[in-house]
Amino acid sequence: MKKCLLAVTIVLIAISVFAQQKVTLTIESWRNDDIQIWQDQIIPAFEKKNPTIHVVFAPTPPAEYNGVLNSKLEGGTAGDLITARPFDASLALFNKGYLADLTNLPGMNNFSDVAKSAWITDDGKHVFAVPMASVIHGFFYNKDIFKKLNLKVPQTKAEFMQVLEAIKKDGRYIPLAMGTADMWEAATMGFQNIGPNNWKGEEGRLALISGKQKYTDAPYIKTWKELASWAPYMPKGYQSVKYPDAQQLFTLGKAAIYPTGSWEIALFEKDAAFDLGIFQPPVEKKGDTVYISDHTDIALGMNAKTKYPEEAKKFLEWMTTAEFASLYSNALPGFFTLSNHKITLKDPLANEFLSWRATCKSTIRNSYQILSRGDQYGAPNLENELWQVSAAVINGTMTPEEAGKRVQAGLDKWYKPKK
Amino acid sequence: MLDLRGRRTFPTFLVVFLGPAVVCYTLFMMYPLVESLVLSFFSVQPDNSYIFSGFANFVRLFTDSDTAPRFWGALKNNVIFFLIHMLVQNPIGLLLASLLVTKGKGRGFYRTVLFMPTVLSVVIIGFIWQLILNPLWGVAESMMRAVGLGSLFQPWLGLPEYALPATALISVWQFIGIPMILFYTALIGIPDELIEAAVVDGCTEGQVFWRIKFPLILPTIGIVSILTFVGNFNAFDLIYTMKGAFAGPAYSTDIMGTLFYRTFFGQQLQLGNPTMGATVATMMFLIILAGVLLYMFLFQRRVKTYQL
């Protein structure tokens with residue numbers, strides 16, 4: 001018995017000595033698709049330079065992330081570094097004291113004000129996360145199918161509908177790979193993808209915040225009408241088709257066009273056995289300015305209650321460097337660094353997405369900043385409402401006008417624009 | 001309790017026997033339950049502090065133009081969910097149990113196979129059924145087409161009018177083994193003499209079942225019903241696995257469990273609200289409590305239990 005106790009004590013001492021040498025930092029994230037890349041590329045690069053720090057990437061599935069993270073923060077068991085969603089969701093975490101103030105983190109000056117805008121307090125005084133990446137919305141298409149059917153890449157809305165019709169007539173392929181079962185595709189890959197061309201990007205987004213425009217206005221109704229017109233070209237039974245179903249439908253070469261965003265590049269390049277192409281959200285008539293959703297999507301903050309603030313800051317500081325920017329953007333093609341560092345992207349599709357920034361006007365999803373603060377129960381959350389109504393409009397269970405009315409009514413309930 | 005000299009002593013062994021259960025139950029069941037009930041009378045402030053707000057949460061839950069439809073909708077869906085179980089799961093469970101007690105071949109095999117889904121993980125059940133019913137690669141449509149019913153196939157899980165019955169029936173498929181086994185054990189507990197005597201007296205099969213077996217298993221029917229009720233009003237996992245916390249389309253599969261989850265933990269950009277979540281949980285508790293009390297006073301006290 002005594003020997004046993006002695007052995008246990010020795011082991012415990014050994015463990016604690018070992019633990020003192022190495023500090024373990026845990027990263028909370030919703031990017032479970034990226035676990036391999038963090039483990040094999042990003043973290044080893046950091047640990048090589050900081051041998052005393054061990055970093056663990058511990059993701060939660062995207063749909064559960066916010067809920068799980070909140071309860072972990074509340075219970076005091078959250079990781080040291082916290083992947084932050086843009087704008088209101090993370091701001092609320094900062095206001096509750098869960099995220100640390102990183103305004104004075106060395107290296108923050110590598111980011112522009114626009115990049116930081118998603119993780120800053122309203123008065124612009126406190127930055128609470130290191131911006132990591134933005135994603136650009138657009139359409140993927142199967143070049144082989146387009147060639148076989150002799151189709152041209154559509155630029156205008158009319159051309160887009162003609163292409164869909166032509167593919168449908170041919171009958172061999174599903175024109176548009178998309179489902180509404182998970183709802184967010186309808187809002188994120190539909191509404192926020194094609195909408196900016198209707199509401200003129202930032203102009204419309206800011207007008208919503210200032211109260212000059214409403215979701216019942218023409219540009220929004222029009223966007224929902226366009227979405228509803230997609231339904232006949234979606235796979236049969238699209239009401240119960242989920243996001244992974246649609247992804248597979250496209251990568252298996254059974255569907256011609258896939259509305260989505262740059263974040264799919266890595267997966268599609270891995271799975272698709274055909275030539276991939278991308279095109280911008282279609283405009284009204286040739287030559288119109290294209291507005292793209294170039295959404296500041298992901299950042300990393302620090303748990304205010306972390307046991308190792310110095311080490312966590314070291315990691316965050318490293319994330320502001322050119323080394324990280326280049327490593328991350330190349331390891332995850334389609335996630336574009338928000339830093340000012342000049343980096344070269346090796347992936348051709350990622351480069352093509354990125355080139356749109358030069359010719360198109362960028363905006364972000366219109367429901368993320370300020371307008372999604374209806375987070376107290378009883379004031380519906382705008383983003384969640386957009387999911388519901390956009391899916392319902394495509395399913396044909398709600399008219400575009402009803403959708404606009406419902407979203408605006410929910411917003412009016414709690415949001416009073418500053419006059 | 002009397003000692004050797006006839007004096008009353010404290011029954012120490014009772015404490016010893018009951019102690020562990022009382023302590024564990026109080027610590028892990030009663031305390032959290034009471035805590036959660038208390039929490040429903042508070043509301044959370046933007047700076048994360050809690051203030052007492054009386055019945056405000058309940059008033060909001062029942063009357064607010066956004067909250068109330070969700071609550072009543074979830075309650076209604078939950079009642080439908082329960083009724084489908086009562087009307088489909090339990091009669092079929094009884095039927096299967098009656099078949100299992102007859103002297104047919106392969107009874108042991110069927111007993112095991114029918115009980116199997118019950119012990120499978122809900123995640124697997126949800127995944128399998130989503131694949132079966134998938135309109136793109138599901139086997140359901142081709143099977144229906146093989147028997148000439150292809151035109152009747154619909155993406156049931158994605159249509160508001162069908163999604164709830166579809167998920168309820170999947171849940172029935174999974175849990176059918178529980179009423180089946182309970183009825184089965186009750187049926188094999190009936191002494192053969194009773195049945196033999198009835199047959200000798202000239203009872204038909206039907207009469208034997210309705211006049212002799214049924215009254216004898218009535219207490220089990222009660223237990224199965226109340227288990228179904230409690231299980232259904234606590235249900236969450238299957239719907240969450242298949243339809244997510246939004247319980248779509250258009251909240252058509254939203255039941256109390258998913259409503260609670262969404263409210264308490266939040267969803268996507270909506271942050272969770274612990275006190276409002278506790279309010280929903282309190283309502284779930286009260287609904288289940290009311291059901292159990294009704295059962296105890298209206299059914300259990302009146303039902304005749306025969307000593308066999």
Side-chain angles (χ1 to χ4, degrees), chain A residues 62-71 74 85-89 92-93 95-98 174 179-184 235-242 245-246 248-249 254 367-368 371-385 387-389 391-392 395 397-398 409-410 413, chain B residues 43-49 56-57 59-61 63-68 70 130-131 133-138 141 153-163 166 240 242-246 248-252 261-277 279-280:
Chain A
E64 286 151 44
Y65 179 69
N66 293 32
V68 170
L69 177 67
N70 287 336
S71 41
E74 202 136 310
R85 302 232 185 236
F87 296 107
D88 301 346
L93 293 182
N95 286 339
K96 286 188 174 190
Y98 292 140
I174 292 161
T180 54
D182 289 330
M183 292 192 257
W184 69 271
K236 83 179 154 35
Y238 62 84
Q239 297 97 326
S240 70
V241 169
K242 292 195 155 197
D245 292 331
Q248 291 199 23
L249 207 57
K254 286 172 184 276
S367 52
Y368 272 64
L371 300 182
S372 264
R373 288 182 193 172
D375 53 0
Q376 290 297 312
Y377 206 71
N381 182 278
L382 176 64
E383 170 74 1
N384 292 0
E385 284 286 281
W387 290 19
Q388 297 281 350
V389 301
N395 287 352
T397 51
M398 190 182 264
K413 203 169 166 190
Chain B
S43 61
V44 62
Q45 300 307 107
D47 65 348
N48 225 13
S49 62
N57 287 339
V59 171
R60 201 203 266 174
L61 186 66
T63 58
D64 184 275
S65 62
D66 285 293
T67 324
R70 291 286 74 76
Q130 278 189 73
L131 269 186
L133 297 177
N134 193 306
L136 297 177
W137 11 74
E141 190 180 6
F153 180 82
Q154 300 239 18
W156 289 294
L157 289 175
L159 301 176
E161 58 269 42
Y162 293 116
Y240 181 73
M242 298 207 302
K243 306 304 305 179
F246 273 134
Y251 298 114
S252 60
Y261 181 90
R262 254 196 344 266
T263 318
F264 190 89
F265 291 107
Q267 173 69 6
Q268 196 60 13
L269 291 195
Q270 176 185 315
L271 288 181
N273 185 333
T275 57
M276 214 50 210
T279 311
V280 177

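To find a chain, count down the sequence lines: A is the first, B the second, and so on, and within it residues start at 1. Computation of the quantities below employed the complete heavy-atom set of this structure, encompassing side-chain atoms and omitting hydrogens, waters and symmetry-equivalent molecules. The structure presented is a predicted model; accordingly, all values stated were derived computationally and were not measured.
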Interface residue of largest heavy-atom contact number with chain A, from Phe264(B), Trp156(B), Phe246(B), under 4.5 Å: Phe246(B)
Proximity breakdown for Tyr98(A) and chain B, heavy-atom pairs closer than 4.5 Å: side chain
Residue pair Pro155(B) / Gln239(A): nearest heavy atoms and the distance that separates them: CG-OE1, 3.5 Å
Per-residue contact mode, Tyr261(B) against chain A (heavy atom under 4.5 angstrom): side chain
Over all atoms of both residues, closest heavy-atom pair of Asn395(A) and Gly158(B): ND2-O, 4.4 Å
Side chain / backbone / both / neither for Ser49(B) at chain A, heavy atoms under 4.5 Å: neither
Close side-chain approach of Pro160(B) and Thr397(A), heavy atoms under 4.5 Å: yes
Between Val389(A), Asp245(A), Ile174(A), Asp182(A), the one whose heavy-atom pairs under 4.5 Å with chain B are most numerous: Asp245(A)
Atom pair NZ (Lys242(A)) and CE (Met242(B)), whose distance is rounded to the nearest 0.5 Å: 8.5 Å
Which of Asn95(A), Asn70(A), Val68(A) touches chain B most, by non-hydrogen pairs under 4.5 Å: Asn70(A)
Interchain contact, Leu136(B) with chain A, by part (heavy-atom threshold 4.5 Å): side chain
Contact class of Gln154(B) relative to chain A, heavy atoms under 4.5 angstrom: neither
From NZ (Lys413(A)) to CG (Asp64(B)), nearest 0.5 Å: 3.0 Å
For Lys236(A) against Pro135(B), the heavy-atom pair lying closest together: NZ-O, 3.1 Å
From CA spacing to verdict: side chain to side chain contact (heavy atoms under 4.5 Å, CB included), Arg262(B), Asn384(A): CA-CA 11 Å; Arg262(B) 254 196 344 266; Asn384(A) 292 0; over 6 Å; no
Proximity breakdown for Tyr240(B) and chain A, heavy-atom pairs closer than 4.5 Å: side chain
Contacting moiety of Trp184(A), where chain B heavy atoms sit under 4.5 Å: neither
Chain B contact via Leu249(A) - which portion, at a heavy-atom distance below 4.5 Å: both
Which of Ser65(B), Gly244(B), Ala245(B) touches chain A most, by non-hydrogen pairs under 4.5 Å: Ser65(B)
Interchain contact, Glu74(A) with chain B, by part (heavy-atom threshold 4.5 Å): side chain
